[in-house]
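Data first, discussion second: the structure below is written as structure tokens.
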Amino acid sequence: MLMILRNLDARSVALALLVSRAWHGVASSDVLWTSKCEELWLGKAHIPRLAQVRGLSKLAAYSLSVMDGKRAAPEYWRNLDPYWKGTGPPMRRYFHPDGSQTADPGDKVWGGHECCYSIVTSFVGEGKIREHYVRINRWPRMFVSRKLDWSWEMSNNLYCYCSIPDADKEFGTGPLFSVL
Amino acid sequence: MSSSIASSSSSSSSSSKKEKKISLKTSDGEVFEVEEPVAMQLEIVRSFFADNEDVTEQTVMPLPNVSTAAMHGILEYCRAHEEFRRRMPEAAPEEEVRAFEAGYVDRKSNEELKEMILAANYLNISKLLDFLTGVAAKRIENKSVEYVRAFFGVENDFTPEEEANLRREYEWAFEGVDED
């Protein structure tokens with residue numbers, strides 16, 4: 001039976017768990033799920049920490065990961081973002097010189113997690129720069145550009161940051177902290 | 001072990017070197033005369049003859065776990081593969097093998113398939129077993145739990161409550177399952 005299950009995709013093996021107690025015993029074996037976890041995690045940006053706890057069965061790890069992956073994160077963030085919903089101003093992110101990042105108190109999206117950024121510059125030699133970007137946590141690299149009104153923009157395919165105008169300009173409040 | 005061997009008092013002398021045949025007796029008492037290279041694909045037969053010096057060509061090897069019907073199916077497969085091997089000893093003609101295997105398995109009902117898997121497992125024919133378990137997997141892939149139970153004739157020994165819990169736990173596996 002194990003030989004048959006080896007030939008099945010993850011979903012079908014998961015279904016086999018419900019066939020009977022004996023099947024559950026075989027279908028939950030790490031032998032089957034180790035490779036399935038590796039396959040699932042390959043190339044993924046976020047793997048839930050809980051799923052990587054040692055001693056957790058590979059089936060549990062797989063199941064946790066799949067359910068976590070189905071969590072509609074962008075949707076979730078979007079609904080909390082007042083600017084996106086048109087009910088408030090853009091959220092603020094403060095980039096501190098020490099490489100940490102903070103948000104305004106009461107920011108729902110922020111949720112109190114730790115955040116850090118770094119500026120990555122790689123030189124090819126002779127003063128030439130090959131790459132120049134900002135990395136926030138483990139997100140895809142963010143590239144910095146300058147807009148027509150001399151404001152700064154930093155973005156990747158998921159996120160976009162704009163610099164806050166000077167204190168005396170419209171929408172400007174003046175930097176509370178030093179802003180990139 | 002050798003005490004269980006029945007000697008057949010049939011044909012002529014053992015020196016008829018034309019084509020060596022090996023006699024295999026199924027659970028329902030039918031004796032199959034099988035060409036040696038074909039019979040040797042059955043690992044259980046090969047090791048039986050390799051490990052027992054006192055067996056002769058007249059020895060009928062009993063296979064109490066294999067039915068006549070399963071034996072027919074197994075020999076058909078092994079003979080075809082022996083034929084491929086004889087024609088092209090270097091590398092099997094892959095396309096032809098695949099075409100044969102597809103046609104071969106199409107004619108097998110689920111019942112026959114299951115019986116042959118058990119027989120192939122007992123006879124220890126790894127190639128056939130790999131092939132058949134792959135076919136069985138394809139037949140139950142994406143199928144509902146009920147279908148898999150019916151396919152293998154497995155009794156559901158979970159309590160309704162346990163089953164409901166498992167369904168909730170592995171909810172992700174239940175999207176878009178074929179019911180038939």
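A quick note: this is a predicted structure, and the numbers were derived from the prediction, not measured. What's counted below: heavy atoms across the whole structure, side chains too, no hydrogens, waters or symmetry copies. We name chains A, B, ... by the order of the sequence lines, and we start the count at 1 in each one.
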Under 4.5 Å from any heavy atom of chain A, what part of B:Glu162 do you find: side chain, backbone, both or neither?
side chain
Does A:Arg11 pair with B:Glu141 as a salt bridge, N-O distance under 4.0 Å?
no
Applying the 4.5 Å side-chain criterion to the ILVMFWY set and letting contacts propagate, would A:Tyr133 and A:Val144 be lumped into a single cluster?
no
Can you run down the salt bridge (charged side-chain N to carboxylate O under 4.0 Å, His left out) pairs that involve residues 60-71 of chain B, sequence neighbours left out, and say none if there aren't any?
none
For residues B:Trp172 and A:Tyr62, determine if any side-chain heavy atom of one lies less than 4.5 Å from a side-chain heavy atom of the other.
yes
Only distances under 3.5 Å count here; give the side-chain donor-acceptor pairs of residues 12-19 of chain A to other protein atoms, sequence neighbours excluded, each with its distance to 0.1 Å.
{"unit_1": "A:Ser12", "atom_1": "OG", "unit_2": "A:Asp9", "atom_2": "OD1", "d": "2.8"}
{"unit_1": "A:Ser12", "atom_1": "OG", "unit_2": "B:Asn142", "atom_2": "N", "d": "3.0"}

Given the rule that I, L, V, M, F, W and Y join up when any side-chain heavy atoms are under 4.5 Å apart, are A:Leu2 and A:Leu59 in one cluster?
yes
When you group the ILVMFWY residues by side-chain heavy-atom contacts below 4.5 Å and let the links chain together, are A:Trp152 and A:Met142 in the same group?
yes
At under 4.5 Å between heavy atoms, what parts of residues 123-132 of chain B are in contact with chain A? List them by residue number.
B:Leu129, B:Asp130
All pairs passing salt bridge (charged side-chain N to carboxylate O under 4.0 Å, His left out) where residues 108-121 of chain B contributes a residue, at least two apart:
B:Glu76-B:Lys108, B:Glu111-B:Lys114
Under 4.5 Å between side-chain heavy atoms, counting indirect links through other Ile/Leu/Val/Met/Phe/Trp/Tyr residues: same cluster for B:Leu118 and B:Leu42 or not?
no
Taking the side chain as every heavy atom from C-beta outward, state whether B:Ile117 and A:Ile4 have any atom pair closer than 4.5 Å.
yes
Quick check: is A:Ile136 connected to A:Ile119 through a chain of hydrophobic side chains (ILVMFWY, heavy atoms under 4.5 Å apart)?
yes
Test your reading of the model: is there a side-chain donor-acceptor pair from B:Asp157 to the backbone of A:Ser20, 3.5 Å cut-off?
no
Would one find more than 12 heavy atoms of other residues, nucleotides or ligands at under 6.0 Å from atom CD of B:Glu171?
no
Check whether any side-chain heavy atom of A:Val66 sits under 4.5 Å from a side-chain heavy atom of B:Tyr170, and report yes or no.
no
Quick one, A:Asn7 and B:Lys138 - any side-chain contact, counting heavy atoms below 4.5 Å?
no
